[in-house]
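Report on the following structure.
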There are 2 protein chains.
Amino acid sequence: MAIETELTKKLGISAPVLLAPMGMVSGGRLAAAVTSAGGLGMIGGGYCDSDWVRKEIKEAGNIQVGVGFITWALERNPGLLDIVIAQRPKAIFLSFGQLGRFVAPVKQADLPLIAQIQSVEQARIAVEEGADIIVAQGTEAGGHGSARSTLPLVPAVVDAVGNVPVVAAGGIADGRGLAAALMLGASGVLCGTAFLAADEALAHPNVKGAVVSASGDRTSRGKVFDTIRGYDWPSPWNIRTLVNDFSRRWESDSEGLQRDLEQQKANYAAARDAGDVSVTAVIAGEAVDLIHAQQPAADILNAMVAQAEDLLLRGPAFLTSGR
Amino acid sequence: MAIETELTKKLGISAPVLLAPMGMVSGGRLAAAVTSAGGLGMIGGGYCDSDWVRKEIKEAGNIQVGVGFITWALERNPGLLDIVIAQRPKAIFLSFGQLGRFVAPVKQADLPLIAQIQSVEQARIAVEEGADIIVAQGTEAGGHGSARSTLPLVPAVVDAVGNVPVVAAGGIADGRGLAAALMLGASGVLCGTAFLAADEALAHPNVKGAVVSASGDRTSRGKVFDTIRGYDWPSPWNIRTLVNDFSRRWESDSEGLQRDLEQQKANYAAARDAGDVSVTAVIAGEAVDLIHAQQPAADILNAMVAQAEDLLLRGPAFLTSGR
């Protein structure tokens with residue numbers, strides 16, 4: 001049994017689940033595990049550290065994975081795209097900026113171009129630019145994102161982009177979310193937080209522990225973790241993390257943080273290396289409520305798909321028997 | 001054919017769709033129309049103007065409707081609850097504050113107590129206090145609300161509250177949203193924005209026109225429309241509206257608004273009476289993308305249910321054929 005959609009057909013995969021290319025977390029091992037389980041794993045190209053990306057592509061070995069980039073960061077190191085394309089990844093994923101000059105090389109290499117957007121307007125532009133697949137990402141997602149929520153964003157994007165497959169991202173970490181996304185008109189889902197505590201994820205053990213025990217009531221979007229890490233993110237994007245001592249202290253006092261920045265940066269680096277999750281960013285979304293264990297990525301994906309299959313099969317039962 | 005859930009059984013209704021009790025918009029006619037079409041209509045008790053609430057209950061005539069209150073506002077005029085209970089409404093709905101002393105009179109009258117919450121923690125408390133039905137409201141909802149998004153909030157609340165039926169609210173305006181909510185484990189949906197442009201809604205024609213033409217990309221949560229209307233909303237709630245000239249001018253300059261408040265209040269009142277939607281609040285959620293016409297409430301509800309039924313029946317087809 002398998003869930004078949006336009007997305008699975010287009011990518012030649014057996015499960016409509018994409019791994020979010022989380023920077024420094026979605027490495028080659030995690031991406032390969034998600035692909036091996038039937039989905040599409042994607043390495044997080046993040047801020048375009050060429051050495052790291054090359055190393056992780058090698059780590060995936062013979063398993064075909066995609067590679068995702070922060071578009072505005074790729075603008076500063078555009079040569080990395082050619083290096084990655086030369087490795088024949090399964091797809092190129094771009095988010096946070098217009099596709100622009102990156103469309104041509106991806107098309108020329110005949111690779112699927114996956115564009116993640118955060119609004120209906122951005123979806124229309126990405127399709128005009130040549131995106132093959134649209135990921136509609138809601139604000140509940142962990143990490144960088146914007147203001148719109150997944151549930152109303154997905155059907156609006158589906159209506160706006162015609163025949164281009166739409167993937168739902170943000171807030172999805174189990175089969176209920178996958179089945180719901182399909183009802184909204186999406187052809188699949190993209191999950192980050194769901195795989196953050198996977199065995200293969202390159203996150204500190206304490207970060208994984210925090211994800212397993214966290215409440216979705218205790219995440220927020222803000223700027224301080226980008227400030228302290230020295231990333232100058234453009235508007236309208238900011239970053240969702242678990243709320244912790246550091247974010248509580250500084251989110252409402254950006255001027256104070258600026259005044260003490262060098263000292264705080266040193267403290268932060270030490271806390272990050274020590275896995276002190278009261279200070280370092282735990283970059284997770286609202287779906288943390290649904291994550292109860294650290295386990296292999298294949299188990300996460302298989303459980304998600306099995307639950308969704310069960311719910312889809314039971315769809316007609318809503319019309320006769322209750323629940 | 002009908003969608004049967006724990007919600008429809010508990011309330012004795014034939015469609016799992018509740019009308020959000022929008023203050024000054026969900027009057028007796030709209031509530032009666034939604035009940036007559038098979039859902040549960042609820043009159044918006046809002047800031048507890050007793051005369052208005054009594055008039056609208058009368059307006060519903062023999063059609064049984066519920067009545068919804070802003071809990072913290074009801075604290076200031078608690079006698080209104082007894083007046084409403086004496087009219088034998090179909091249910092009492094409370095949102096924005098702990099249920100507290102209002103549980104006893106509702107239970108005593110043997111009426112279903114519907115509690116709307118905006119976090120998992122609030123859901124747990126409401127169930128402990130005695131709520132019969134939980135409405136889990138996401139930030140994408142129009143009007144007052146908080147920070148969490150519907151898609152991840154609903155399954156987390158379902159997991160937290162045991163056998164109490166959960167209703168999804170925020171971002172739902174068509175059958176796709178209804179079917180998705182059922183997949184998430186909800187027993188139904190509560191819709192406000194979907195009915196804001198209904199023929200029977202007590203909204204200015206220009207407000208209805210703005211809802212029909214608006215993009216979900218152009219709504220935001222803020223405080224200025226409460227400031228200008230003189231409502232002192234407690235944290236963590238704020239109000240989602242369409243972005244317009246007024247919100248753009250003042251949302252980032254609350255001090256400036258305070259300095260000029262009397263003059264601005266006069267301007268605002270005039271704009272509201274004139275239906276000038278560049279100034280007056282159009283209290284709508286992100287689901288405005290999905291609203292394309294002004295029409296009778298029964299047509300809105302029937303289309304939503306028919307589309308959801310179709311999607312639920314097609315659920316098993318995902319497992320064999322594509323889309």
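In what follows, chains carry the letters A, B, and so on, assigned in the order in which the sequence lines appear, proteins first and then strands, with residues in each chain numbered from 1. Keep in mind that this is a model prediction, so the values were computed, not measured.
- Aromatic ring orientation, B:Trp233 versus B:His144: parallel (interplanar angle below 30°, classes split at 30° and 60°).
- Between A:Ile117 and A:Ile125, every side-chain heavy-atom pair lies at or beyond the 4.5 Å cut-off.
- For the pair A:Ala308 and A:Ile3, the tightest heavy-atom approach, listed with the atom from each and the gap, is CB-CD1, 4.0 Å.
- Residues of residues 132-141 of chain B placed with any heavy atom under 4.5 Å of a heavy atom in chain A are listed by number as B:Thr139, B:Glu140.
- Ion pair B:Arg218/A:Glu121 flagged as a salt bridge, since at least one NZ, NE, NH1 or NH2 atom sits closer than 4.0 Å to an Asp/Glu carboxylate oxygen.
- Contacts with chain A were tallied for B:Pro155, B:Ala179, B:Ser146; B:Pro155 has the most, counting heavy-atom pairs under 4.5 Å.
- Contacts between A:Val158 and chain B at a heavy-atom distance below 4.5 Å involve the side chain alone, from C-beta outward.
- Only the side chain of A:Leu290 comes within less than 4.5 Å of a heavy atom in chain B; its backbone stays farther off.
- Contacts of A:Ala156 with chain B are made by both backbone and side-chain atoms, with heavy-atom separations under 4.5 Å.
- Chain A forms more heavy-atom pairs under 4.5 Å with one residue of B:Ile172, B:Thr8, B:Leu151, B:Leu153 than with any other, namely B:Leu151.
- Proximity to chain B is limited to the backbone of A:Ala2, based on heavy atoms less than 4.5 angstrom apart.
- The existence of a salt bridge linking B:Arg148 and A:Asp289 is confirmed by a sub-4.0 Å separation between a basic side-chain nitrogen and an acidic carboxylate oxygen.
- With respect to B:Asp159 and A:Arg176, a salt bridge is recorded, a charged nitrogen being found less than 4.0 Å from a carboxylate O.
- Ranked by non-hydrogen atom pairs under 4.5 Å with chain A, the options B:Ser149, B:Gly171, B:Gly177 are led by B:Ser149.
- Using a 4.5 Å cut-off on side-chain heavy atoms (C-beta onward), A:Leu40 and A:Ile114 make contact.
- Counting only heavy atoms from C-beta outward, the side chains of A:Thr71 and A:Gln98 never approach each other to under 4.5 Å.
- A salt bridge is defined here as a Lys NZ or Arg NE, NH1 or NH2 lying under 4.0 Å from an Asp or Glu carboxylate O, and A:Glu6 with A:Lys9 meets this definition.
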